[in-house]
2 protein chains.
Amino acid sequence: MVDFLQILKEHNIKRTKYRMAILELLIKEEYRFISIDEIQDRVSSDFSTAYRALELFEENEMIYKTKINEKMYYSYRCSNKEYHHHLICTECGLKVSLDFCPFEDLEKKCETLGFGSFHHSRDLFGICKKCKNES
Amino acid sequence: MVDFLQILKEHNIKRTKYRMAILELLIKEEYRFISIDEIQDRVSSDFSTAYRALELFEENEMIYKTKINEKMYYSYRCSNKEYHHHLICTECGLKVSLDFCPFEDLEKKCETLGFGSFHHSRDLFGICKKCKNES
DNA sequence: CTTCGTGCAAAAAATTTGCATCCGT
DNA sequence: ACGGATGCAAATTTTTTGCACGAAG
């Protein structure tokens, strides 16, 4: 819980009304990715303010950012900093962290395929059980 | 070579100047993904004409479409229709088709992870050997 | 000859930026 | 008080769309 306050202090980031509101929201909804619209709606900031705060948080590795259906979504990161992959539900934004790398095998084959290196896109997408059952 | 002409005929798609020019270009550069800018530049059509032709081709499964660095890229498909994954170089657009599925293992683990189903994003990205060496 | 392809200009949608003002420290 | 944060409006970027004209079958 002191986690992110420390980062703010270390980087001399002012604790303003909207930044705090956005961080609180992201922490509360840490188990999923949320859209800029939901963020703007729930904290009632200007869109540009929200975008600027989120950009700042991402630069300082406090949040994740990913694209779902052509729009950016955001999720709290502080509590789990080791590199890992996510399974993300494209219906509800649910975030499931993987404790293994799905690309290990591909990595090995990379060389023989004419590829120098391979982007482990951190985020993989699907439909979670809940959303699948509801549809 | 008759491949795509047949599709055009089957779907009553008129063989116009720009459509043919775009298809020819895509066939010539089949080993890589190319941008709308390159297409527009090399066939000198209007952008809207190129976009409309490409949309049509994609609907009829004649081409692939993928996003590299926030922009769409296009590549000829007709000659290889079985479902497969691509490794795509984000520097030069090189397209390498995979004859195996990199997500087989993940698929199996999906259920235990709370995921109903999993999108096999067809395209995976990296840097090809050539571009890596040049940088 | 008639349907549909094309160019042009303008719309759309998401995100970014310049600038004047306001707030946190 | 000072520098950075915010709101507002306008720019940006890529792609899409409406409409009038022109070309393919």
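The chains referred to below are lettered A, B, ... by the order of the sequence lines, with proteins before strands, and numbering in each begins at 1. These figures come from a predicted structure and were not determined experimentally.
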>> Ring of B:Phe100, cation from A:Lys109 - is the NZ or CZ under 6.0 Å from the centre and inside 45° of the axis?
In response: yes

Find the distance [X]:[atom1] to [N]:[atom2] and express it as a whole number of Å.
{"X": "B:Asn12", "N": "C:dT2", "atom1": "CG", "atom2": "P", "answer": "18 Å"}
{"X": "B:Arg15", "N": "D:dA23", "atom1": "CZ", "atom2": "C1'", "answer": "15 Å"}
{"X": "B:Leu56", "N": "D:dT16", "atom1": "CG", "atom2": "C1'", "answer": "15 Å"}
{"X": "A:His11", "N": "D:dG4", "atom1": "NE2", "atom2": "C1'", "answer": "17 Å"}
{"X": "A:Ile13", "N": "D:dG3", "atom1": "CD1", "atom2": "C1'", "answer": "15 Å"}
{"X": "A:Glu70", "N": "C:dA13", "atom1": "CD", "atom2": "C1'", "answer": "11 Å"}
{"X": "A:Lys67", "N": "D:dT13", "atom1": "NZ", "atom2": "C1'", "answer": "11 Å"}
{"X": "B:Ile68", "N": "D:dT14", "atom1": "CD1", "atom2": "P", "answer": "14 Å"}

>> Considering every strand and a 4.0 Å limit on heavy-atom distances, what is the contact class for B:Lys71: base, sugar-phosphate, or nothing?
In response: sugar-phosphate

>> Is it the case that C:dT6 (base atoms only) and B:Lys17 (side chain only) share a donor and an acceptor within less than 3.5 Å, ignoring hydrogens and angles?
In response: no

>> More than 12 heavy atoms of other residues, nucleotides or ligands under 6.0 Å from NZ of A:Lys129: yes or no?
In response: yes

>> Testing A:Leu56, A:Leu8, A:Asp3 one by one against A:Met62 for a side-chain contact (heavy atoms from CB on, under 4.5 Å), which residue passes?
In response: A:Leu8

>> Strictly distance-based, threshold 3.5 Å: is any side-chain N or O of B:Thr66 a donor or acceptor partner for the main-chain N or O of B:Tyr73?
In response: no

> Has the side chain of A:Lys95 got a donor or acceptor atom that lies under 3.5 Å from a matching backbone atom of A:Tyr76?
Replying inline: yes

>> Nearest to the side chain of B:Arg19, heavy atoms from C-beta on, is which of C:dG5, D:dT6, C:dT25?
In response: C:dG5

>> The side chain of A:Met72 is closest to which nucleotide in this list: C:dG24, C:dT3, C:dT15?
In response: C:dT15

> Does C:dG7 have OP1 or OP2 sitting under 4.0 Å from an N or O in the side chain of B:Tyr18?
Replying inline: yes

> Between B:Thr16 and C:dT6, does any side-chain N or O lie under 4.0 Å from OP1 or OP2?
Replying inline: yes

> How about B:His85 and B:Phe103: are their ring centroids closer than 6.0 Å?
Replying inline: yes

> Of the residues in residues 38-55 of chain A, which ones touch DNA chain D at a heavy-atom distance under 4.0 Å?
Replying inline: A:Asp46, A:Ser48, A:Thr49, A:Arg52

> Can B:Lys67 and A:Glu70 be counted as an ion pair, charged N to O under 4.0 angstrom?
Replying inline: yes

